[in-house]
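Contents: one structure, followed by commentary.
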Amino acid sequence: MEMRPATHEEFDDFDRAVLAAFHREVTEEDRRAFRRTDEPERSLAWFDDGRIVAGTSVYTRHVTVPGAIVPCAAVTAVGVMPTHRRRGLLTALMRRQLENIRTAGEPVAALWASEGAIYGRFGYGIAARNASLTARRPVARLAAPPSVADPQRAGPAADHVEHMRAVYERVRGERPGMLDRPGAWWEARLHDPESERKGAQPLQALVVADGYALYAVRPDRDEDGPAGEVKIRELVAATPAARALLWDFLLDQDLTRKVTWSLAAADEPLWLMLTDPDAVRLVLQGSLWVRLVDVPAALRARGYAADPDVVLDVSDAFCPWNAGRYRLAGGACEPTDAEPGLALDASALGAAYLGGTLLTELAAAGRVTELRPGALARASAAFRADVVPWCPEIF
Ligand SMILES: CC(C)(COP(=O)(O)OP(=O)(O)OC[C@H]1O[C@@H](n2cnc3c(N)ncnc32)[C@H](O)[C@@H]1OP(=O)(O)O)[C@@H](O)C(=O)NCCC(=O)NCCS
């Protein structure tokens, strides 16, 4: 068995192996879409007798963190074929990948997990949650519907890319967890193969001056009459007025009975905008996992609500170069011999990094230990972000 990057020419086989792990086949349409954003030189694959049986890759992106935007290795395409699972192939891929990311100089890695039990052991922690949202029509109505007839335009998603890009860029810098979308990433975000529509219309863009929504209506009918569903892929509003206009439109589509969005922000305020807040249900789920690949560089890169002034005792069995004590104070993060105020492992630190998972919550869960009175409250308040982290896309 050999582990190495898959070449450009080998990438069809790479996709086939990774999708086989998900019990799926690659379609021609998928293949074309993947090629726009693939970075074969950042992939890693296991070859068994010349055939790819496991793989993972990285997208070179940036993620917003409190007070900054940092280079981020967006880990993707993790799969081990059913014939080769549970013999350590993933563990070896993860180890080599993190070494490579460190060499590339990216201080953090991030990913979406198919199952929550996989990545904690590799030092990733849940740094963001999303809300799966369901609004019931016709009960879900805005308490203050927009009065101005600000034009709402709706049409094929591809016709509105420049507008959406501009709105997204306005919002991205303020929201931890959002990633940049360089190159073909907007095209990738609009990927809409018929095979995945499940009966819905092609992807639509709804556009207002300071916002947009990507959505599709799936018509349906049952014994009670029209039962369509408005499925939101992404809704981004730079102002409350834009948010009201978007929701006003989406909640008022004829022949529909509900509006759903599986990747809403955990603090999506729709329920506070309705005459009946109970008309919307929000279910919180873990979303973005973050791993600090270079602990001091990552901790220096982000901003803090106040000076944490703390010595952290970090354990990191999987990336031993990170283990040790660091004084985090005054914008610096340096190795130290001083007595620590908090002890935690890499996965807890990754969870706290975007400022959404609090150090106090992690301590209550037994995952952070306070060694000096006052250190926990001070560090937790400093790490906390003003804006709840949100990653609106699965990559
Ligand atoms: C998840 C997956 C990549 C694991 O690969 P693998 O090569 O079998 O993993 P390893 O053999 O290196 O396992 C390392 C450890 O993680 C555990 N583990 C791996 N996958 C796990 C899972 N899905 N749930 C719980 N534990 C898991 C193993 O039991 C093992 O534990 P141990 O060290 O205590 O024995 C593989 O099962 C797979 O491809 N699954 C389907 C696709 C998928 O979910 N990919 C992840 C996308 S985010």
Side-chain angles (χ1 to χ4, degrees), residues 1-6 10-27 30-31 33-34 37-40 42-49 51-61 63 72-101 106 108-130 132 177 179 188 191 196 262-263 285-291 293 315-320 345-348 350-351 367 391-395:
M1 298 264 293
E2 177 199 13
M3 192 206 306
R4 63 167 171 83
E10 289 165 336
F11 239 59
D12 282 353
D13 292 339
F14 178 90
D15 287 341
R16 228 187 321 273
V18 169
L19 285 201
F22 288 88
H23 317 294
R24 283 187 48 195
E25 281 194 326
V26 199
T27 64
D30 285 338
R31 215 189 310 275
F34 296 163
T37 48
D38 280 339
E39 299 181 45
R42 301 204 71 179
S43 70
L44 281 175
W46 271 111
F47 294 77
D48 186 1
D49 211 10
R51 202 170 56 94
I52 298 181
V53 294
T56 177
S57 196
V58 164
Y59 297 125
T60 307
R61 296 181 76 173
V63 66
C72 172
V75 171
T76 187
V78 176
V80 175
M81 292 204 5
T83 46
H84 287 70
R85 59 196 279 285
R86 304 300 183 270
R87 35 168 129 156
L89 297 195
L90 174 66
T91 305
L93 288 169
M94 288 280 116
R95 181 163 283 122
R96 178 82 63 85
Q97 184 178 64
L98 287 165
E99 287 163 1
N100 290 350
I101 294 168
E106 289 150 321
V108 304
L111 55 76
W112 285 75
S114 61
E115 292 186 283
I118 303 174
Y119 294 101
R121 74 190 69 229
F122 306 126
Y124 286 85
I126 298 198
R129 291 188 293 184
N130 64 275
S132 175
L179 277 79
H191 182 52
E196 285 176 25
S262 61
L263 298 180
Q285 301 159 334
S287 62
L288 199 64
W289 292 68
V290 168
R291 213 273 180 226
V293 181
S315 49
D316 195 341
F318 203 68
C319 295
D345 74 1
S347 135
R367 304 208 25 217
C391 185
E393 69 190 292
I394 297 177
F395 47 82

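Every number for a ligand or one of its atoms is a count from 1 in the order of the listing. Positions are given from 1 along the sequence.
Of all protein heavy atoms, the one closest to atom 43 (C) of ligand 1 is Ser114 OG, 3.5 Å. If you check which protein heavy atom lies closest to atom 39 (O) of ligand 1, you get Val80 N, 2.8 Å. Protein heavy atom at the shortest distance from atom 9 (O) of ligand 1 is Leu90 CB, 3.4 Å. Nearest protein heavy-atom neighbour of atom 26 (N) of ligand 1: Arg121 NH2, 3.8 Å. Regarding atom 14 (C) of ligand 1, its nearest protein heavy-atom neighbour is Thr91 OG1, 3.2 Å. Shortest contact from atom 40 (N) of ligand 1 to any protein heavy atom: Ala21 O, 4.4 Å. Counting protein heavy atoms only, atom 21 (C) of ligand 1 is closest to Arg86 NH2, 3.4 Å. Ranking protein heavy atoms by distance to atom 45 (N) of ligand 1, first place goes to Val78 O, 2.9 Å.
Contact check for Asp15 versus Asp30: no side-chain heavy atoms found under the 4.5 Å cut-off. Side-chain contact between Leu44 and Met3: present, with at least one pair of heavy atoms (C-beta onward) separated by less than 4.5 Å. Side-chain contact between Ile101 and Arg291: absent, with no pair of heavy atoms (C-beta onward) separated by less than 4.5 Å.
Of all non-hydrogen atoms in Leu263 and Pro392, the two that sit nearest each other are CD1-O, 3.4 Å. Heavy atoms only, all atoms of each residue included: Gly116 and Trp289 are closest at O-CH2, 3.3 Å.
Once rounded to the nearest 0.5 Å, the distance linking CZ of Arg96 with OG1 of Thr56 reads 12.5 Å. To the nearest 0.5 Å, atom CZ of residue Arg16 and atom CZ of residue Arg24 are 14.5 Å apart. Distance CZ/Phe14 to OG/Ser57: 5.0 Å, rounded to 0.5 Å.
Near Trp112, the atoms of ligand 1 lying under 4.0 angstrom from a non-hydrogen atom of the residue are 48 (S). Close approach to Gly79 involves these atoms of ligand 1, each under 4.0 Å from a residue heavy atom: 39 (O). Using a 4.0 Å cut-off to heavy atoms of Ala117, the atoms of ligand 1 that qualify are 24 (N), 25 (C). Atoms of ligand 1 lying under 4.0 Å from any heavy atom of Gly88, numbered from 1 in the order shown and given with element: 10 (P), 11 (O), 12 (O). If you number the atoms of ligand 1 from 1 as listed, the ones under 4.0 Å from a heavy atom of Tyr119 come out as 46 (C), 47 (C), 48 (S). Remark: ligand 1 atoms within the under-4.0 Å shell around heavy atoms of Glu115 are 23 (N). For ligand 1 and Arg85, the ligand atoms under 4.0 Å from any heavy atom of the residue are 8 (O). Set against the non-hydrogen atoms of Arg87, the atoms of ligand 1 under 4.0 Å away are 11 (O).
Protein heavy atoms are found inside the 4.0 Å sphere centred on atom 16 (O) of ligand 1.
By the 3.5 Å distance cut-off applied to N or O atoms, Phe22 is not counted among the residues near ligand 1. The distance criterion of under 3.5 Å between nitrogen or oxygen atoms is not met by Phe122 with respect to ligand 1.
Figure legend: Arg4 and Phe47 shown as a cation-pi pair, the cationic atom lying under 6.0 angstrom from the six-membered ring centre and within 45 degrees of its axis.
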For this session: Quick one: do Thr60 and Glu106 satisfy side-chain contact (heavy atoms from CB on, under 4.5 Å)? Show the steps, please.
Result: CA-CA 9 Å; Thr60 307; Glu106 289 150 321; 4.0 Å; yes
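Aromatic ring pairs are classed by plane angle as parallel below 30°, tilted from 30° to 60° and perpendicular above 60°; the pair Tyr59 and Phe395 is perpendicular.
No hydrogens or angles considered: nothing links the side chains of Arg121 and Thr91 as a donor-acceptor pair under 3.5 Å.
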